[in-house]
S.K.: 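Pasting in a structure now, in structure tokens, and then I'll have a few things to ask.
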Amino acid sequence: MVFINLALLAGVGVLTSVASSTLERRYVKQDGPWVYGEGPPDDNPSFNGFTTFFNALITFQNVVPISLYISIEFVRLCQAAFIYFDSEMYYEPADQAALSRSWNLGDDLGQIKFMVSDKTGTLTQNSMIFRKCSIGGKIYDGDAEEAENETQLRERPADAPDRASAAIGEGYDIPLAMLPSGKAESSNTPPVNPNVHHFHDTQLFEDIERSATGESSAHARALNAFMTTLALCHTAIAGVSEEDGSITYKAQSPDESALVQAAADSGFIFLGKEKDVLRLKTPFLEGDTVEEYELLHVLDFTSARKRMSVIVRRVDSEDSKRVFLLCKGADSVIIERLKNGQNEFTKTTEEHLEYFASSGLRTLCLAYKVIPEDEYEEWARRYHDATIAMDDREEMIEKVSDEMERGFRLLGATAIEDKLQDGVPEAIADIKRAGIKVWVATGDKLETAISIGYSTNLIAPDSNLIVVRGGKFGQEHSAYDQMVKAVEQFFPDQGILDLEEVHPPELHTSEKPPASPRPGVRRVATGLSEILDEDNGKKSGGFVLVIDGVALSHSFEEAFSKQLLLQIGLRCEAVICCRVSPLQKAQLVHMIKDNLKVLTLAIGDGANDVSMIQAADIGVGISGEEGLQAVNSSDYAIAQFKFIKRLLLVHGHWTYARNANMIGNFFYKNLVIVAVLFWFQIYCAWSTTYVVDYTYLLFWNVFWSLAPVIAIGIFDRNVDDDVLMSIPELYRYGREGTHFGLIMFSWYMLDAIFQGALVFFVITFSYSLTTSRADGYGIAMYEYSATMVLATVMIVNLFNGLNTAAWTWWVFFAVSFGIVLVWAFTAIYSTIRPGWFVTSS
């Protein structure tokens, strides 16, 4: 719009310069001097026309409202304050209000078309509760009174503890002391911490008790190994309460502390770390005896590794020379690193994992490995060299760690519940009604993501699912092939496959096909028949795309595959991406922004969401359990996901509508006075003379006309907030750019030119017919132009007021302010005689 006004200013300058030069050339040659008593000038009319062009730029400069930039920044600051002081977005438990960290993006909130959201801590509370586990092929569901009502996508699989015997190994392979021959009596068990959730499972406790009384079965060894790994494989800190002596675990993530607490609830109590020694109390130890493990190395968890490991050595038994690697991580990385010969047990554990995930639970696998002393010494030397390397240190550490983290023996799996935040299903449902596409990126399993999708209203009961899992392009069942089949099945008439950009280039026959996966233990491809309904694809609802991280990674590798993914996502109500890394989250946002050129919002709560938040047009951080990294990188900070609904539907709608109305009226009010100056050029030979006293022009954008447009930007309200919250469909006016555009801007400009002509010619003709002086003499130019200024100020302020949807006392004051002030100024200014202020010659 500014460029249009610049072009208008240049056009007026050219018109003025041409007209001035033409008139001077025509009339000055007829001996018609401009100044009485002087002869014809000898200057050059062409050069005078050239200088008139620059004079016109100065005279009509108000057509480009430079003050608009300052005004809009002030208005946006006030709008950001409204977000902060909105009591409906204040979260009392955390004593936190919504915060606008980048207060110049308010109007973008009203034009969002895509929202990419994290799940853990964003849609959920990030308050982890240990619910279930699978140990040695046997599921422990927790006591009935502890279980919550869950949406099950699969039936509970049968237990198969007999399959674990070969996988678990003999007793000497377990990272524990030999099982006792009789029941141990413990006299120094720390009291229970009442402030945290505790896991109870009667069957588990009975099995552990039987193990403690001397039963030495494969399942007993699996229980011991599983719980020991759970109690030692972490970086948590144990704090002892001074009041009751209970232990509280503080960890980097809530799920880690929940796992350690579950082990403690089962009798394997982590007592803390003294220097590099981990102290553990188990049900098998008598009295105050504790097990001690020397912590040799910690291979930290990262979003790329998706696992963490600790390497420990027993220091209080005959096994002090034995070194153990204890590991926990995502099933996708643990299972592919298992030692051969565990296929049956692995298959059983995978069935249990699918069962846990179908309940919306977060799953992890536990595994261990016995490391020979000589192998450990050689590896430790290479690991030390990697840690002190000056170049590529992280890559070298990862490579050495990966070499050690192979050949695992599987122990079992855990299932943790992360409850949804209050109001999440309602917020997502209303955001979808507003026409905003919601894409969720999570690190959970596919089944967990689908279950969460149903519970959050991301997947409606009548929605049809499109599931894409796997494989690299060129291999069997590749992600690209699955997407092509989905298009042929669900969108045959959409013309997607007619687009050239979704098809791969011709493959070179000399290229070798990708290598097949190595034989041995591998990820078992489970079917989707238990997840997808029989009538999937025939339901009345829309479509939801669910794609895992492997398929997403392969889709990003090729431009044609990325385009096909985008085309499918555009035709779906929502997209759920599971098992994704932070980099893939950012790539997802870039894919939407760069290809669709639409405003995109990303919302997350943790450090792994920072890249996604920074990649989006607007980043929203939730201050939760994972620190303030996301908040510090965001444009807006809220305490709960449900507040995003009000942030977009109310503040986004209001801010966009206010700013659009304000900008249009700002251009209008400046063009009206410029139009008055322009029409006067007809009577002054296009000499760029001011028709009004320059003092009025000087104060035009400061006193006479500024208040109403500021009031529009701050106080205007075209729809009440309760209506916007109850009818999310109204958000489309901002999303579709209805409130402001070239057509609306053109109407403002034409209206300003017309009103400027009306003011000038009506007043000019009125004064030309008679005189306003009582003595009958004619008037001076500034006498009748003062009437023009007063009329223009009143018209502009009242016109801005009429364009305000909600009249409040602030609006009344703003509209009246300029009118009253210009009348008072004129009354005072007209009494000042020129002779009062004399300058010495």
S.K.: Would you please classify the geometry between the Y91 ring and the F643 ring as parallel, tilted or perpendicular, with 30° and 60° separating the classes?
M.R.: perpendicular
S.K.: Are the charged groups of D444 and R579 less than 4.0 angstrom apart, N to O?
M.R.: no
S.K.: Step by step, would you call N536 with F543 a side-chain contact (heavy atoms from CB on, under 4.5 Å)?
M.R.: CA-CA 10 Å; N536 186 63; F543 292 88; over 6 Å; no
S.K.: With the side chain counted from C-beta on, respond yes when V440 and L458 share a heavy-atom pair under 4.5 Å apart, and no when they do not.
M.R.: yes
S.K.: Begin from the C-alpha positions of R735 and L599 and carry the test side-chain contact (heavy atoms from CB on, under 4.5 Å) through to its verdict.
M.R.: CA-CA 9 Å; R735 184 167 45 82; L599 286 177; over 6 Å; no
S.K.: For R382 and E403: C-alpha separation, side-chain torsions, deciding distance, then whether salt bridge (Lys or Arg N to Asp or Glu O under 4.0 Å) applies.
M.R.: CA-CA 11 Å; R382 290 190 290 115; E403 293 175 359; 2.5 Å; yes
S.K.: Which atoms form the tightest heavy-atom contact between C578 and A449, and what is the distance?
M.R.: CB-CB, 3.9 Å
S.K.: Near H503 NE2, under 6.0 Å, is it more than 12 heavy atoms from other residues, nucleotides or ligands?
M.R.: yes
S.K.: Rounded to the nearest 0.5 Å, what separation is found between the OG1 atom of T122 and the CG atom of D605?
M.R.: 4.0 Å
S.K.: Say whether, by atom type as modelled, one donor and one acceptor occur between the side chain of R101 and the main chain of N632 under 3.5 angstrom.
M.R.: yes
S.K.: Looking at V400, is its backbone amide N or carbonyl O close enough to the side chain of W379 to form a donor-acceptor pair, meaning the two atoms are under 3.5 Å apart?
M.R.: yes
S.K.: Report yes if some heavy atom in the side chain of L296 is under 4.5 Å from a heavy atom in the side chain of V312; otherwise report no.
M.R.: no
S.K.: Any ion pair linking D481 and K485 (charged N to carboxylate O, less than 4.0 Å)?
M.R.: no
S.K.: Any sub-3.5 Å donor-acceptor pair from Q125's side-chain atoms to L420's backbone N or O?
M.R.: yes
S.K.: Got K369 and M404 here, is their nearest side-chain heavy-atom distance under 4.5 Å?
M.R.: yes
S.K.: Would you find a donor on one side and an acceptor on the other, under 3.5 Å apart, between the side chain of S455 and the backbone of I452?
M.R.: yes
S.K.: Do Q563 and N595 have side chains that get closer than 4.5 Å, going by heavy atoms?
M.R.: yes
S.K.: Look at atom CD1 of I237 and say whether more than 12 heavy atoms of other residues, nucleotides or ligands are closer to it than 6.0 Å.
M.R.: no
S.K.: Using a 3.5 Å distance criterion without hydrogens, assess whether the side chain of R307 forms a donor-acceptor pair with backbone atoms of D300.
M.R.: no
S.K.: Supply the atom-to-atom distance F114 CZ to D617 CG, rounded to the nearest 0.5 angstrom.
M.R.: 12.0 Å
S.K.: Enter the distance from T448:OG1 to L361:CG here, rounded to the nearest 0.5 Å.
M.R.: 7.0 Å
S.K.: What distance do T346 atom OG1 and D331 atom CG have between them, rounded to the nearest 0.5 Å?
M.R.: 11.0 Å
S.K.: If you draw a 6.0 Å radius around CD in Q252, do more than 12 non-hydrogen atoms from other residues or ligands fall strictly inside?
M.R.: no
S.K.: Under a 4.0 Å threshold between the charged nitrogen and the carboxylate oxygen, would K585 count as salt-bridged to D609?
M.R.: yes
S.K.: Any Lys/Arg nitrogen of E405 or R337 sitting under 4.0 Å from an Asp/Glu carboxylate oxygen of the other?
M.R.: no
S.K.: Aromatic rings F356 and H352: how do their planes relate, parallel, tilted or perpendicular, breaks at 30° and 60°?
M.R.: tilted
S.K.: Any side-chain heavy atom of I431 sitting closer than 4.5 Å to one from M115?
M.R.: yes
S.K.: Given 3.5 Å as the limit, does a donor-acceptor pair link the side chain of S401 with the main chain of E398, or not?
M.R.: no
S.K.: Is there a donor-acceptor contact under 3.5 Å from the side chain of Q111 to the main chain of D107?
M.R.: yes
S.K.: Quick one: do Y636 and I603 satisfy side-chain contact (heavy atoms from CB on, under 4.5 Å)? Show the steps, please.
M.R.: CA-CA 9 Å; Y636 294 90; I603 179 171; over 6 Å; no
S.K.: Determine, stepwise, if the pair L109 / L647 fulfils side-chain contact (heavy atoms from CB on, under 4.5 Å).
M.R.: CA-CA 8 Å; L109 287 173; L647 183 65; 3.9 Å; yes
S.K.: Is a side-chain donor or acceptor of S633 paired with a backbone partner of A630 at a separation under 3.5 angstrom?
M.R.: no
S.K.: About how many Å separate OG of S555 and CD of Q584, when rounded to the nearest 0.5 Å?
M.R.: 9.5 Å
S.K.: Would you call R362-E256 a salt bridge at under 4.0 Å N-O?
M.R.: no
S.K.: Taking the side chain from Y355 and the backbone from E350, do they hold a donor-acceptor pair closer than 3.5 Å?
M.R.: no
S.K.: Is there side-chain contact between T120 and D255, with at least one heavy-atom pair below 4.5 Å?
M.R.: no
S.K.: Could you tell me whether the side chain of R433 and the main chain of A429 form a donor-acceptor pair under 3.5 Å?
M.R.: no
S.K.: Could you give the distance from CG (D594) to CD (Q587), rounded to the nearest 0.5 Å?
M.R.: 11.5 Å
S.K.: Between Q96 and S623, do the side chains contain an N or O donor and an N or O acceptor separated by less than 3.5 Å?
M.R.: yes
S.K.: Please walk me through it: do H297 and Y383 pass ring pair (Phe, Tyr, Trp, His ring centres under 6.0 Å)?
M.R.: CA-CA 10 Å; H297 299 281; Y383 184 81; 5.1 Å; yes
S.K.: Between K445 and E354, is the closest basic N to carboxylate O distance under 4.0 Å?
M.R.: yes
S.K.: Are the side chains of T414 and L366 in contact, using a 4.5 Å heavy-atom criterion?
M.R.: yes
S.K.: Checking F324 against Y368 for the ring pair (Phe, Tyr, Trp, His ring centres under 6.0 Å) test, could you report, in this order, the C-alpha distance in whole Å, the side-chain angles of both residues, the deciding distance, and whether it holds?
M.R.: CA-CA 7 Å; F324 303 97; Y368 79 98; 7.4 Å; no
S.K.: State, yes or no, whether a side-chain contact exists between E488 and L497 at a heavy-atom distance under 4.5 Å.
M.R.: yes
